[in-house]
Each structure stands twice: as C-alpha cells, then as structure tokens.
Amino acid sequence: MYTTLRAANLRNLSIALINGTVTLIILLIAPLGLAAVITNTFLVTAATFLTATAADQITRYLQPSRAQSIENSLDSGAESAQIIRGDRDSQNIEK
C-alpha cells in the first residue's frame, strides 16, 4: 500500500461522499425533519472520512518500512536487527 497522501485523501473523501449519499437517501425516506436529515448526513460523512484517515495512519505505521527505521535506531547489535527483520534460519538459531 504505497499511496501518496493526496491519493489517500481523495479515496477517503470519495468513500465519505458515497456513504453520505446513501445515508441521505435512506434518511429522506424516513419521516424526519429536514434539519435532522442534513445533520445526520453531515455527521456520517465526517465520521467516515475521519475513520478512513485514521485507518490509513495505522496502516502506514504498521508497514514494513517502519521496521527499518526501528532497526536503525537500535543500538543493541545484530541480534536485535535479525529479530526485527525476521532473519531466522538454521545458522541463526542458538541451541
């Protein structure tokens, strides 16, 4: 998942607009006042955008490229780097 910030924002905005449109259609069918329909539609759109953006941030944090920056910041030597990278073979196993 290597996307730019602009592409991620565009995707999140399109998801939020689609969810807002579906919500607006559903709420217009229900016997509610216009203010309640507009308020609920706006809240669903905003919540969808914020949730998708938060999910992108979590995904970006968990990407493998973060393991390299963690590896570079460790001062404990090659053993910890092997654990972070997952270098496990018969040569690295201690008996």
Side-chain angles (χ1 to χ4, degrees):
M1 181 175 147
Y2 297 103
T3 60
T4 63
L5 182 61
R6 184 176 180 185
N9 281 336
L10 181 64
R11 183 191 65 224
N12 293 344
L13 183 63
S14 64
I15 291 170
L17 289 176
I18 290 171
N19 277 347
T21 303
V22 170
T23 303
L24 179 64
I25 292 169
I26 291 171
L27 289 175
L28 284 176
I29 296 171
L32 296 172
L34 184 60
V37 170
I38 293 172
T39 303
N40 285 332
T41 302
F42 174 74
L43 290 175
V44 167
T45 304
T48 302
F49 181 78
L50 293 175
T51 303
T53 303
D56 285 342
Q57 295 297 325
I58 292 169
T59 303
R60 189 173 297 125
Y61 177 76
L62 294 174
Q63 282 181 343
S65 62
R66 297 271 306 163
Q68 293 174 354
S69 63
I70 293 171
E71 174 186 325
N72 293 337
S73 67
L74 291 176
D75 296 328
S76 61
E79 289 180 19
S80 60
Q82 289 174 350
I83 292 171
I84 291 175
R85 283 194 313 258
D87 294 342
R88 297 179 184 164
D89 56 19
S90 61
Q91 311 302 333
N92 294 332
I93 297 175
E94 295 179 2
K95 294 182 181 179

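- Clustering ILVMFWY residues whenever any of their side-chain heavy atoms sit less than 4.5 angstrom apart, transitively, puts I25 in a cluster other than the one holding L28.
- Checked against side chain to side chain contact (heavy atoms under 4.5 Å, CB included), A16 has the following partners two or more places apart in sequence or in another chain: T45, T48, F49.
- With values rounded to the nearest 0.5 angstrom, T51 atom OG1 is found 11.0 Å from D56 atom CG.
- Taking both residues in full, the closest heavy atoms of L27 and L32 are given as CD2-CD1, 3.8 Å, listed atom of the first, atom of the second, then distance.
- Separating the CG atom in L13 from the CD1 atom in I18 is a distance of 10.0 Å, to the nearest 0.5 Å.
- In this structure, the separation between CG on L24 and CD1 on I29 is 10.0 Å, given to the nearest 0.5 Å.
- Atom CG of L10 sits about 10.0 Å away from atom CD1 of I15, to the nearest 0.5 Å.
- The OG1 atom of T53 sits 6.0 Å away from atom CG of N9, with the distance rounded to the nearest 0.5 Å.
- Applying the side chain to side chain contact (heavy atoms under 4.5 Å, CB included) test to I38 and every residue at least two apart in sequence or in another chain returns L34.
- For the side chain to side chain contact (heavy atoms under 4.5 Å, CB included) criterion with T41, the lone passing option out of T39, L43, V37 is V37.
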